[in-house]
Amino acid sequence: MIKLDNKFLDKFVGSEEVKNMQPIINIADQMLREKTGAGSDFTGWVDGPTNLDQAELTRIKAASKKINKDSDVLIVIGIGGSYLGSKAVLEFINHTFENEVNNQKTKIYFAGQNISSSYLNDLTEIIKNKDFSINIISKSGTTTEPALAFRHFKNILVNKYGEEQANMRIYATTDQARGTLKEQANSNGWESFVIPDDIGGRFSVLTAVGLLPIAVSDIDIDQLILGAKEAQEKYSQADLNTNDAYLYAAYRNVLYNKGKTIEMLIGYEPGQTFLNEWWKQLFGESEGKENKGIFPASAIFSTDLHSLGQYVQEGRRDLFETVIFFDQVKSDLTIESDKENKDELNYLASKKFADVNKKAFIATSMAHYDGGVPNIILNVKDMSTRALGHLIYFFEISCAISGYLLGVNPFDQPGVEEYKKNMFALLGKDGYNDLKIKLESRIK
C-alpha cells in the first residue's frame, strides 16, 4: 500500500547510518508497545483500529443516516484534532467541488476552528434557509473557539426549531463521563459519542471524532478502518527492513541530527491539502517541545513550485522534503492535439495528465536532490479510502516513534495552554486578574 523510496536520500544518509538506528528504534518501539514511555496513557490509538467499539460504530452509522435524512447541512464544530482529521478525509476522498455538485447529500461545513466574525456570518448566511444539524466536538466543552461557535449556532437552531426539536439535531462528541459538554448532553438529551480517554485529539480521526462527519458525507468508514487495520498489522514489528513507517522515523531522525530542521510534506494532488494540514498538527504538536523538533511545513506541487520553488532549490539548506505520490489517481484526462499548436504543446498530445504530473514529480525531486535537498518518497498505491486509512495510521505510528527518538513526550502539548492563559486574562475571565495586569502593562 505504501512503499518508501530512498533513491533521493543516498548522498545525505548512508545505509550504515540507518542500520545503526535499529537498536534505538527497538527501544522506542518497546516504550510504545509496553506503555513505558512518556505519555503512555494516550496510546489507545496504537491498537485502535482493531479495538473499535462496534456498538459505537453502529450508532455512528445510524446517526449519519438520520442527519442525511433530516438535514441539508451538518455544521461540524471543533478545532485542532477535532476538525483537521475529518476535514482531511472529506477533502481527499470527495469530489474537488463537493458542495457545488452535492445536491442530494448533506453538505458539511466546519466552524469553531477560528474566532472570525466574518467567517461565522458567512456560514450563518449559507444555512439561513436550510435544515441543519450540529456536531459539536470537544473534550471539555469550554475551549474558547468551538464553544463560541457552538453558542452562536445552537441559538440559531433553537430559534428555528424550538428547544425540543433543536436538541434532536445536536450531536456531541465528547468525554465519556465528565466535562461541561457531557453535562449539557446529558441534561438536554443530545445524542453523544465518545472521545476515548486514551486517545489525544491529533490521533483521534479514526474515532467518533472523525468517523461521524466522514460517515455523514457518505464515505465508507469501514474501508477507512480496514486500511488502518492493515497498517496496524504491517507496522507491528520494529525491523527497519520491513517497517517503512519506522524507516521514515529513522530517516527523519538522522536528517534532523545533520541540521535538517524543517520538513516539507509535498503532494501533487490538491485534494491532499488538508491531509498536509492534519500532518502538520500531528508532528508539530507531538515533537515541538523542549526547544527540539522538526518544523513541519507543506506545499502542493506543481502549484507551489511557482512561489516556493526558488527557495527550496537555492535557499538555506536546513530542510528536507517528504513527497507523497499516488501511483493511481481518482480520474485521468487525455491531452488533445491542436492544429495550430501556438502553445507548442502538441508534443504532449495523446499523453495522460497523470503521466505529465508524474514526470513533474520526478523532475522536481531530481532538481531538489541535486540542489542539496533530501527527498523521502512515499509511493502510495492509489487514492482510495482504504489507502487513506493506511496512510493515516502510517503517519501516526511514525510520529510516535519519532517523538521518542527525539526524547520528548509525543502525546502532550503543554505549550498550547500558554496563549489560552493570556487570552483569558486579556478578556477578563475570572481568576486571571494578576496576569491581566501584567499583560496590559506590557502592551501600553
Side-chain angles (χ1 to χ4, degrees), residues 2 73-102 105-114 116 119 122-123 126 135 137 145-146 149 173 200-207 209-221 223-224 227-228 263-286 295-304 307-308 321-326 329-330 378 380 382-396 398-399:
I2 299 174
V73 169
L74 174 67
I75 299 177
V76 179
I77 300 176
I79 195 168
S82 298
Y83 135 77
L84 282 171
S86 56
K87 177 75 168 173
V89 175
L90 266 58
E91 295 284 322
F92 186 91
I93 298 298
N94 282 335
H95 192 287
T96 302
F97 307 103
E98 179 69 9
N99 281 340
E100 283 72 24
V101 302
N102 173 6
K105 293 162 55 178
T106 301
K107 298 177 190 284
I108 297 178
Y109 296 96
F110 290 85
Q113 76 276 34
N114 58 57
S116 167
Y119 183 97
D122 287 349
L123 182 51
I126 287 289
N135 177 205
I137 306 169
E145 295 92 338
T173 307
R202 57 189 176 276
F203 290 87
S204 67
V205 61
L206 298 175
T207 71
V209 171
L211 294 179
L212 179 58
I214 293 167
V216 170
S217 191
D218 280 348
I219 293 171
D220 190 342
I221 58 176
Q223 283 295 302
L224 191 72
E263 178 179 12
M264 293 182 67
L265 186 67
I266 305 301
Y268 282 79
E269 290 290 335
Q272 187 185 316
T273 300
F274 266 89
L275 180 65
N276 288 0
E277 296 300 312
W278 169 81
W279 172 90
K280 285 194 284 191
Q281 185 201 2
L282 180 68
F283 279 88
E285 204 167 71
S286 296
F295 182 80
S298 66
I300 298 295
F301 290 167
S302 63
T303 304
D304 293 328
S307 57
L308 298 174
E321 293 173 299
T322 295
V323 183
I324 300 175
F325 196 81
F326 299 95
V329 295
K330 288 190 281 189
L378 300 178
V380 184
D382 55 37
M383 298 184 70
S384 65
T385 305
R386 182 174 169 182
L388 180 57
H390 192 110
L391 186 59
I392 286 169
Y393 191 90
F394 175 98
F395 280 132
E396 288 180 343
S398 63
C399 180

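Values below: every heavy atom of this structure, side chains too, minus hydrogens, waters and symmetry copies. Please read all numbers here as calculations on a predicted model, not as lab measurements. Quick note: residue numbers are just sequence positions, from 1.
- Here the side chains of E145 and N114 are not in contact, with every heavy-atom distance at 4.5 Å or above.
- Heavy atoms only, all atoms of each residue included: F92 and Q272 are closest at CD1-CA, 4.4 Å.
- In this structure, the separation between CG on L206 and OG on S86 is 11.5 Å, given to the nearest 0.5 Å.
- With hydrogens and angles ignored, the 3.5 Å screen pairs a side-chain donor or acceptor of T207 with a backbone N or O of V209.
- Taking CH2 from W279 and OG1 from T322, the interatomic distance works out to 6.0 Å, rounded to the nearest 0.5 Å.
- Between P146 and I79 the shortest heavy-atom distance is CD-CG2, 4.0 Å.
- The distance from atom CD of E277 to atom CG of L84, rounded to the nearest 0.5 Å, is 7.0 Å.
- The two atoms that bring F274 and K87 nearest to each other are CD2-CG, 3.3 Å, heavy atoms only.
- Contact annotation: the side chain of L391 approaches that of I2 to within less than 4.5 Å [non-hydrogen atoms, C-beta and beyond].
- Judged purely by atom type and a 3.5 angstrom limit, S217 has no side-chain atom pairing as donor or acceptor with the backbone of I214.
- A side-chain contact (heavy atoms from CB on, under 4.5 Å) with K105 holds for exactly one of N99, N94, V216; it is N94.
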Quiz item: Can you list the steps and then say if F395 with W278 is a side-chain contact (heavy atoms from CB on, under 4.5 Å)?
Solution: CA-CA 10 Å; F395 280 132; W278 169 81; 4.0 Å; yes
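- Side chains of S384 and D382: a donor-acceptor N/O pair is present below 3.5 angstrom, by distance only.
- Across all their heavy atoms, R202 and S286 have their closest contact at NE-OG, 2.8 Å.
- A distance of 3.5 Å separates CD1 of I266 from CZ of F301, quoted to the nearest 0.5 Å.
- Here the side chains of L90 and F110 are in contact, with some heavy-atom distance below 4.5 Å.
- To the nearest 0.5 Å, atoms CD1 (I324) and CG (L378) are separated by 6.0 Å.
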Quiz prompt | Steps toward side-chain contact (heavy atoms from CB on, under 4.5 Å) verdict (Y268, I300) | solution = CA-CA 6 Å; Y268 282 79; I300 298 295; over 6 Å; no
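- What you find for Y393 and A228 is that their closest heavy atoms are CG-O, 4.1 Å.
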Exercise. Could you go through the side-chain contact (heavy atoms from CB on, under 4.5 Å) check for I392 and F203 one step at a time?
Key: CA-CA 9 Å; I392 286 169; F203 290 87; over 6 Å; no
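- Here the OG1 atom belonging to T385 is positioned 7.0 Å from the CG atom belonging to L224, to the nearest 0.5 angstrom.
- Proximity of I77 to I137: side-chain heavy atoms (C-beta onward) are nowhere separated by under 4.5 Å.
- Side-chain contact between V380 and L388 is absent, with no heavy-atom pair separated by less than 4.5 Å.
- Pairing each heavy atom of L74 with each of P213, the nearest pair is CD2-CA, 4.5 Å.
- A 4.5 Å side-chain heavy-atom check between V76 and I108 finds at least one atom pair inside the cut-off.
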Practice problem: Step by step, work out the side-chain contact (heavy atoms from CB on, under 4.5 Å) result for S298 and M264. | Solution: CA-CA 5 Å; S298 66; M264 293 182 67; over 6 Å; no
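- Not one N or O on the side chain of K330 forms a donor-acceptor pair closer than 3.5 Å with the backbone of M383.
- Distance alone, capped at 3.5 Å, places no donor-acceptor pair between the Q113 side chain and the Y83 backbone.
- The aromatic ring centres of F283 and F295 sit 6.0 Å or more apart.
- No donor-acceptor pair under 3.5 Å is formed between the side chain of E285 and the backbone N or O of L282.
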